[in-house]
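Here the structure comes first, spelled out in structure tokens, and everything after it is commentary.
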Amino acid sequence: MTRPGLAGELIAWQRQHGRHGLPWQGTRDAYRVWLSEVMLQQTQVSTVLDYYPRFLARFPDVQALAAAPLDDVLSLWSGLGYYSRARNLHRCAQAVVVQHGGRFPPSSAALATLPGIGRSTAAAIAAFCFGERAAILDGNVKRVLTRVLGFEGDLSSSAEEKRLWALAEAQLPERDVDVYTQGLMDLGATVCSTRSPACLLCPLQARCVAKAAGTPERFPVKTRKLKRSRRSHALLWLRQGGRLWLVQRPERGVWAGLWSLPEFEDAAALQALLAAAPGEGEWLPAIEHALTHFDWTLQPHVWTLPTGAALPAGLPPGRWVTEEEALAMGLPAPVRKLLAG
DNA sequence: ATCCTGAAGA
DNA sequence: TCTTCAGGAT
């Protein structure tokens with residue numbers, strides 16, 4: 001007689017206390033599940049609730065998404081961050097249409113070969129849509145499992161990460177994997193939070209090693225720390241006759257493929273470009289923007305060209321758009337905020 | 001190592 | 001208000 005696993009308790013909890021009415025739940029349509037999982041990868045539910053319906057209305061199925069211009073996809077993704085997700089989403093849709101006849105392949109192994117679908121997302125889709133017994137291991141689940149199991153390994157180490165994957169697979173129930181998987185996600189997102197877990201509400205509290213030790217916040221163990229550098233650039237907000245000049249950012253790097261204001265090394269480089277330009281302008285208050293690996297100061301300079309004046313020599317290639325057009329394009333969040341006033 | 005944003009904590 | 005942090009794939 002072995003002690004029942006944690007899965008049964010989690011499944012019962014999920015049925016009673018988990019989230020059920022979310023727009024991407026209650027379907028086995030892999031397109032919808034995939035879309036929600038990718039949006040949820042680095043984004044909170046409340047934000048995805050805002051984006052998911054709009055995205056689905058514009059791209060109701062994988063064929064529509066595959067056929068759309070990347071610019072349209074980026075435009076609807078604008079503000080969600082991590083824009084490589086949107087690029088991969090688009091590539092993945094095309095792969096599903098071209099290589100799989102428009103149907104998502106029904107196994108986690110096949111799903112994980114598609115762009116933007118890693119091992120954990122593949123397992124989630126396979127569990128929800130195809131009932132496959134596949135383990136997920138995203139940030140929330142790492143927290144739940146390391147705590148309940150008292151897993152002390154340092155997740156900066158790939159060997160320890162591998163061990164945890166094996167443990168995640170060992171917890172899988174024989175049946176109801178979809179409910180179990182959703183339960184792990186919901187528990188991690190609501191009860192087993194990073195900073196102040198609500199252990200008294202947790203269905204696993206009686207078996208949780210971390211709670212027994214009195215230090216649930218100590219898990220998961222991660223030694224590697226990120227150090228952030230600083231960068232500083234100038235932005236040119238060039239206007240003429242009710243329009244402004246936007247440039248498309250390179251396909252690699254920060255804000256890849258998004259439309260933005262021309263960026264310069266520093267204020268001097270920007271002023272050099274405008275030295276011979278007619279018109280007038282002024283510096284606006286600096287924008288502070290934090291990314292994963294650096295803090296970014298953006299110094300916007302607004303400049304109004306007289307109607308009919310030629311473009312300043314050396315202006316990077318781009319196009320004139322109205323403010324309304326600009327706001328419908330794929331803009332980075334701080335640039336959108338700046339232009340929207 | 002890189003990639004973005006909003007929320008939570010101080 | 002300011003700073004820190006969470007969150008997967010490539």
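No hydrogens, no waters, no symmetry mates; every other heavy atom, side chains included, goes into these values. Below, chain A is the first sequence line, B the second, and so on; all start at residue 1.
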Can you check the Arg195(A) CZ to dT3(C) C1' distance for me, whole Å?
10 Å

Write down the distance between CG (Leu111(A)) and P (dA9(C)), rounded to a whole number of angstrom.
12 Å

Looking across every strand, which nucleic acid part, if any, lies under 4.0 Å from Ser84(A) by heavy atom: base, sugar-phosphate, or nothing?
sugar-phosphate

What integer distance in Å separates Phe294(A):CZ from dT4(C):P?
17 Å

Per the atom types in the model, does the base of dG6(B) pair as donor or acceptor with the side chain of Gln44(A) at under 3.5 Å?
no

Ala256(A) or Ser46(A): which one's nearest nucleotide on DNA chain B is closer to the 5' end?
Ala256(A)

Counting only N and O atoms by type, is there a donor-acceptor contact under 3.5 Å from the side chain of Trp77(A) to the main-chain atoms of Met39(A)?
no

Using only modelled atom types and a 3.5 angstrom limit, is any donor from either the side chain of Tyr82(A) or the base of dG8(C) paired with an acceptor on the other?
no

When the distance from NE2 of His293(A) to P of dA6(C) is rounded to whole Å, what number comes out?
18 Å

Rounded to the Å, how far apart are Arg119(A) CZ and dA9(C) P?
11 Å

Just compare dG7(C), dG8(C), dC5(C) and give me whichever is closest to any side-chain atom of Asp138(A).
dG8(C)

Checking all strands, does Thr121(A) fall into the base, sugar-phosphate, or nothing category for heavy-atom contacts under 4.0 angstrom?
sugar-phosphate

State which residue, out of Trp34(A), Phe130(A), Phe128(A), fulfils the ring pair (Phe, Tyr, Trp, His ring centres under 6.0 Å) condition with Phe104(A).
Trp34(A)

Row check, Tyr82(A) ring normal vs Arg85(A) NZ/CZ: under 6.0 Å, within 45°
no

Gln41(A) side chain near dA9(C) phosphate (N/O to OP1/OP2, under 4.0 Å)
yes

Going by atom types alone, do Gln248(A) and Asp71(A) pair a side-chain donor with an acceptor below 3.5 Å?
yes

Taking the side chain of Gln42(A) as its heavy atoms from C-beta onward, which of dC3(B), dC4(B), dG7(C) lies nearest to it?
dG7(C)

Considering only dA8(B), dT10(C), dG6(B), which nucleotide approaches the side chain of Asn88(A) most closely?
dT10(C)

Under 4.0 Å, counting only non-hydrogen atoms across every strand here, what does Arg143(A) touch: a base, just sugar-phosphate, or nothing?
sugar-phosphate

By nearest heavy atom, map Arg228(A) and Gly118(A) onto DNA chain C; which one lands nearer the 5' end?
Arg228(A)

Is there a side-chain contact between His289(A) and the phosphate of dC4(B), meaning an N or O under 4.0 Å from OP1 or OP2?
no

Glu323(A) bridged to Arg243(A) by N-O distance under 4.0 Å:
no

Could you check whether Leu114(A) gets within reach of a base, just the sugar-phosphate, or nothing at all, counting any heavy atom under 4.0 Å?
sugar-phosphate

Nucleotide nearest Thr194(A) when distance is taken to its side chain, options dG6(B), dG9(B), dA6(C)
dA6(C)

Can you tell me if the side-chain N/O atoms of Asn140(A) get under 4.0 Å from OP1 or OP2 in dA6(C)?
no

